[in-house]
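Structure first, commentary second.
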Amino acid sequence: MNKFLTAYQPQDEEGLIYERWEKSGFFNPDKLPGSRPETYTIIMPPPNANGSLHAGHALFITLEDIMIRFERMRGKRALWVPGTDHAGFETQVVYERKLEKEGRSRFGLDPKTLYDEIHNFTLENKKNMESQVRSLGASCDWSRSRFTLDPDIVAEVQKTFIKMFRDGLIYRGQRTINWCPKHQTSLSDVETENVEEKTPFYYLKYGPFEIGTVRPETKFADKYVLIHPDDERYQEYKHGQKIEAEWINGPVTATVIKDTAVDPSFGTGVMTITPWHSAVDFEIAKRHQLNIEQIIDWRGKLLPIAGEFAGINIKDARPKIVEKLKEKGLLARVDENYANVVKRCYKCNAMIEPQVKDQWFVKMAPLAKLALGTVDEGKIRFVPDNYEKVFRYWMKNALDWNISRQIVWGIPIPAWLCDECHEGAIGDSDVAPKCGKCGATMRRDTDTFDTWFSSGQWPLLVLNYPDGEDYKTYYPTTVMETGYDLIFRWVPRMVIFGLYLAKQIPFHTVYLHGIVNDAQGKKMSKSKGNVTNPLELTAKYGTDALRIGLVIGNPPAADLALREDKIKGYKHFANKIWNATRFVLENIKDADLVVVPDLLPEHQKYLKQLDEVVNEVTKQLENFRFDLAADHLYHYFWHTFADVIIEETKVIFKSEMEVGGNLATKKSAQWLLYTILVTTLKLLHPFMPFITETIWEYLPPSPQKNGDLLMIEPWPKTDKKV
RNA sequence: GGGCGGUUAGCUCAGUUGGUAGAGCGUUUCUUUGACGUAGAAAAGGUCACAGGUUCGAAUCCUGUACCGCCCACCA
């Protein structure tokens, strides 16, 4: 009781409370009391172990914890599995930045050393992040926690690769890939960003034609002139016809190619192609079986074909080449204000250079069809539902997925490669096989999988697919809660792998949250220096204040401006709960909490109103509107319970003391206050677990308070149907 | 080029099936009352972007416009 003489001190309570929860064992659904036939499962999106928790983590942990605590209290076997992602490329980028700062480079390290260093770095982060997740109150089952590089998970991921290869869903192919010249690896399409830039658009004289380009530095080997077959202006030129042209480094002979890929209304309607460094051009070249030739090396420098420009970085080369073209009279004109879309690496912002490379690809069309089918059947619900459209769009337009990465930090691809004929073979034996096509001795593939290849299988992997008990019990999971920015990167891949491997959807509902921005609604970024560490906020205002502050006013998929004064406001709310509790405790010391007294009519009315609150909050929680549920509770507690009901009972308690009062009235008031407090604490618990659990310990027992741990207390019920 | 979201109080944002506008913070005044000054009571402050339409009634539904933001995109 003494504790209630001061204001609520979250820092004194939270650590102890979490310890009690964890020691209780109830984070593990198999240890929950009661029969609990119904399961409720959330797989936590595994945080990337390459930094510390940010505000986005705090949001998703809060949301998922709300769902889990709610369903646990409702009597379900609520399982929330935490985990950690090695986050292949992302982590390697972070680590390379660290190396750079230390004046070192990945390219000076042998792969084994680099791997071990990143491994240690990751484990360190993992430990740190797990303690941060705990501090946010996450009631997840740590006994089931998994890491994407656990040996059995690695083995399972490799098995999937082999299975897909055998099923004809993975092939080795030479295709245009996104090459990051800084990090020396290929990237999938979702790992690049399209950025619009103003670029000069050059019109160059090419024999009898004028061609347009934004990249004169790629044009050295151009020897095909493309024209639309129906373009009236160029009817005199026939398909296959040779023309002579004076070009950058001397005369060339070019061949006219007629292809409908050319847009007659763009530029002059004539273009030359650079198949090695453009996906479109590559497709055209393949169609007509044209020669393809590399112009730019893997470091972004011009190859010997560029003559005097060989060895120059393409960025520096462009003005020099333009200058030469101008001198030779080949530069017709320049459009200075051309808006061009270029791809950049989503992590380091380097210009992506399209290159042709042998890689492993996942054939997406049949898999995407599977995924679309289940969505058509309404088997997966999206919250908010407009994201179903986004999902569909992406699935309908899915390109084959390059899963090879030229980095060490990841799961090794169990394959052998033939350098002679570009053939690839699967297998993880130690003996190098002979190439089945040309007979040459093959070498081990040193590439690793795209992270999304493993995290796409995450719901299966953490539940120990295919033989684990958890897989049998908890798959398919109930809700996948993640950021809408992962609607492309992650969600479709999980659906695909779930359907392909388990023949079942991985989750019934996809709940998407928005992005946590700074107080002005601007994106947080280290370079802007506007990053808020959630743990600084919890230290100042308490975890509960941060949690409910993140939830209220934040509907599904809405971006959120994180404002410290808002969190501070909800710290006041926590204190309000604390003080109202003190009032109730002081006034029910002599109350009979077992036998229901005769209740005053107005008190019966208040209890009815309380039922409505229970119904409303329950309905909103079921409906994934955590913001409305929390807001409703907030208002009820403060402006009805505290401002009206408590104020009214003050008169009763006061008069009872003064004139001997009316004992029946007092008893009615005591019952009312106790009931409302017990009920609202239960309702508030998913949102503000620490303060509610702390108070629970000090409430006198009664039939309404079954046990010592609020966490597993039954959710309030009403007579009415919800 | 395609798609999505937004435009509501000084700031950041709620407002779920249409029924006289809400929160947090900020501002003003009063109150040191026996839960709470991290508070209470009261108050100021909004033509709900704009223009049409449906309706007895629209912030809410429909159409269009403007501006902002985000996502997707192989016109060189």
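Chain naming here is simple, since letters A, B, ... match the order of the sequence lines and numbering starts at 1 in each. Bear in mind the structure is a predicted one, so any value in this text is a computation, not a measurement.
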To the side chain of A:E616, which of B:G15, B:U16, B:A35 is closest? B:U16

Please tabulate, one pair per line, each protein N/O and nucleotide N/O from nucleotides 37-39 of chain B that are separated by under 3.5 Å, including the distance.
| unit_1 | atom_1 | unit_2 | atom_2 | d |
| --- | --- | --- | --- | --- |
| B:U38 | O4' | A:H572 | NE2 | 3.4 |
| B:A39 | OP1 | A:H572 | ND1 | 2.8 |
| B:A39 | O3' | A:K576 | NZ | 3.3 |

Checking only heavy atoms, does the side chain of A:E647 share a donor-acceptor pair with the base of B:A35 at less than 3.5 Å? yes

Does any donor atom in the side chain of A:E564 or A:Y541 lie under 3.5 Å from an acceptor atom in the other side chain? yes

Interatomic distance where NE2 belongs to A:H635 and P belongs to B:A21 [whole Å]: 16 Å

Please report the distance, rounded to the nearest Å, between CG in A:D335 and P in B:A76. 12 Å

Which residues pass the side-chain hydrogen bond (donor to acceptor under 3.5 Å, both in side chains) test with A:Q294, not counting sequence neighbours? A:Q355

Between B:C13 atom C1' and A:I567 atom CD1, what is the distance in whole Å? 13 Å

Just the table, please: protein N/O against nucleotides 69-74 of chain B N/O, every pair under 3.5 Å.
| unit_1 | atom_1 | unit_2 | atom_2 | d |
| --- | --- | --- | --- | --- |
| B:A73 | OP2 | A:N194 | ND2 | 2.9 |

Kindly say if A:K389 contacts the phosphate of B:G3, meaning a side-chain N or O under 4.0 Å from OP1 or OP2. no

Which label fits A:Y570 and A:Y634: parallel for a plane angle under 30°, tilted from 30 to 60°, or perpendicular past 60°? perpendicular

So, using salt bridge (charged side-chain N to carboxylate O under 4.0 Å, His left out) as the criterion, who are the partners of A:D627 when residues are at least two apart? A:R625

Side-chain donor-acceptor pair under 3.5 Å between A:N178 and A:S188, yes or no? no

Of the candidates B:G15, B:U16, B:A35, the side chain of A:Q620 sits closest to B:U16

Does the plane of the ring in A:H513 sit parallel, tilted or perpendicular to the ring in A:F60? Use 30° and 60° as the thresholds. parallel

Give a yes-or-no answer on whether the side chains of A:Q620 and A:E616 include a donor-acceptor pair shorter than 3.5 Å. yes

At a cut-off of 3.5 Å, list every protein nitrogen or oxygen paired with a nitrogen or oxygen from nucleotides 10-12 of chain B, distance to 0.1 Å.
| unit_1 | atom_1 | unit_2 | atom_2 | d |
| --- | --- | --- | --- | --- |
| B:C11 | O2 | A:R563 | NH2 | 3.4 |
| B:U12 | O4' | A:R563 | NE | 3.3 |

In terms of ring plane angle, is the pair A:Y237 and A:Y234 parallel, tilted or perpendicular, where the classes change at 30° and 60°? tilted

Donor-acceptor contact below 3.5 Å, side chain A:T692 vs main chain A:M688: yes

Ion pair present between A:K619 and A:E622, side-chain N to carboxylate O less than 4.0 angstrom? no

Quick check on the 6.0 Å ring-centre criterion: do A:Y8 and A:F690 meet it? no

So, is A:R625 near the phosphate of B:G15, with a side-chain N or O under 4.0 Å from OP1 or OP2? yes

What I want to find out is whether A:E193 reaches A:R344 closely enough, with some N-O distance under 4.0 Å, to be called a salt bridge. no

Proximity to RNA chain B (any heavy atom under 4.0 Å), residues of residues 211-226 of chain A only: A:G212

